[in-house]
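Because only heavy atoms are used, hydrogens play no part in the values below, and waters and symmetry mates are left out as well, while side chains stay in. Numbering of ligands and ligand atoms starts at 1, following listing order. Only a predicted model underlies this, so the values are computations on that prediction, with no experimental measurement involved.
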Amino acid sequence: MNDDERIVFLTPERAEELESLERSCFFHSWGREEFRQLLSGKNFKAIALTKTEGLIGYLSFMHVPDEAEILNLGVLPEARRRGRARKLLNFFIDYCRKNGISRIFLEVRVSNKAAINLYQSLGFNLAGRRTDYYPETKEDALIYELKLIKEG
Ligand SMILES: CC(C)(COP(=O)(O)OP(=O)(O)OC[C@H]1O[C@@H](n2cnc3c(N)ncnc32)[C@H](O)[C@@H]1OP(=O)(O)O)[C@@H](O)C(=O)NCCC(=O)NCCS
């Protein structure tokens, strides 16, 4: 990762940039208005890797007092395989530890080997499987979780 890249929490004003980044990373994206509303609320947050030209990767999540669910994690196709998703996840795990979150979980397509390798390499464990979870392909979802030990 380059020195001019940093991780920030996105504000509602950046909803359009987030929509555009999500479109570049996934087949389906939420709309900018949805993002604006979500980012204005309390339980949804998104962190993003930024550089001078704009956003290159992000991780969005929902959280309640002691649990967080990763909703999406994506890096621009041309910026992959250079440790950026790992950097975002490590930042996020650190944030969760500091904010009293004791469990992180997520769903991932069974075919998404890149993401599964990434989560496993950071200590996430398989916690369940949802059969035929994705309606368009009938693909199964795997649930991964990471339990955190409270600090202090
Ligand atoms: C999954 C994704 C976020 C990874 O981003 P990235 O910045 O390329 O990942 P990193 O460079 O930090 O890779 C970290 C580790 O993840 C695994 N990994 C990442 N891409 C991989 C690939 N194409 N094949 C196999 N393993 C891969 C490896 O273990 C890698 O470690 P290594 O490079 O030391 O081998 C990216 O491919 C992406 O945006 N994919 C499309 C969106 C998506 O599927 N998101 C996940 C939804 S659950």
Treating [X] as the side-chain partner and [Y] as the backbone partner, does any N or O pair qualify as donor plus acceptor under 3.5 Å?
{"X": "Q120", "Y": "N117", "result": "no"}
{"X": "S102", "Y": "L148", "result": "no"}
{"X": "R84", "Y": "A79", "result": "yes"}
{"X": "R80", "Y": "V75", "result": "yes"}

Any nitrogen or oxygen of [X], side chain or backbone, less than 3.5 Å from one on ligand 1?
{"X": "R81", "result": "yes"}
{"X": "V75", "result": "yes"}
{"X": "N72", "result": "no"}
{"X": "A85", "result": "yes"}
{"X": "E107", "result": "no"}

Starting from [atom], locate the nearest protein heavy atom and write down its residue, its atom name and how far away it is, to 0.1 Å.
{"atom": "atom 46 (C) of ligand 1", "value": "L73 O, 3.4 Å"}
{"atom": "atom 37 (O) of ligand 1", "value": "R80 CD, 3.4 Å"}
{"atom": "atom 48 (S) of ligand 1", "value": "Y119 OH, 3.4 Å"}
{"atom": "atom 44 (O) of ligand 1", "value": "N112 ND2, 2.7 Å"}

So, [X] versus [Y]: side-chain donor-acceptor pair below 3.5 Å or not?
{"X": "E145", "Y": "N125", "result": "no"}
{"X": "S20", "Y": "R32", "result": "no"}
{"X": "E139", "Y": "S111", "result": "yes"}

Only heavy atoms of [X], strictly under 4.0 Å: list the atoms of ligand 1 that pass.
{"X": "G83", "value": "10 (P), 11 (O), 12 (O)"}
{"X": "A115", "value": "46 (C)"}
{"X": "N117", "value": "17 (C), 25 (C), 26 (N), 29 (O)"}
{"X": "G74", "value": "39 (O)"}
{"X": "R82", "value": "11 (O)"}
{"X": "L118", "value": "14 (C), 15 (C), 16 (O), 17 (C)"}

Determine, stepwise, if the pair D132 / K138 fulfils salt bridge (charged side-chain N to carboxylate O under 4.0 Å, His left out).
CA-CA 4 Å; D132 297 344; K138 297 254 177 269; 5.8 Å; no

Please tell me whether Y144 and F124 form a close aromatic pair, meaning their ring centres lie under 6.0 Å apart.
no

F105 ring centre to R103 NZ or CZ under 6.0 Å, with the angle to the axis within 45°?
yes

Going by the closest heavy atom to atom 12 (O) of ligand 1, which one wins out of E22, R109, R86, K87?
R86

Out of C25, A114, S24, indicate the one that has the non-hydrogen atom closest to atom 21 (C) of ligand 1.
A114

Short N-O contact, R14 and E22, less than 4.0 angstrom:
no

Location of contacts on F27 toward ligand 1, heavy atoms closer than 4.0 Å
neither

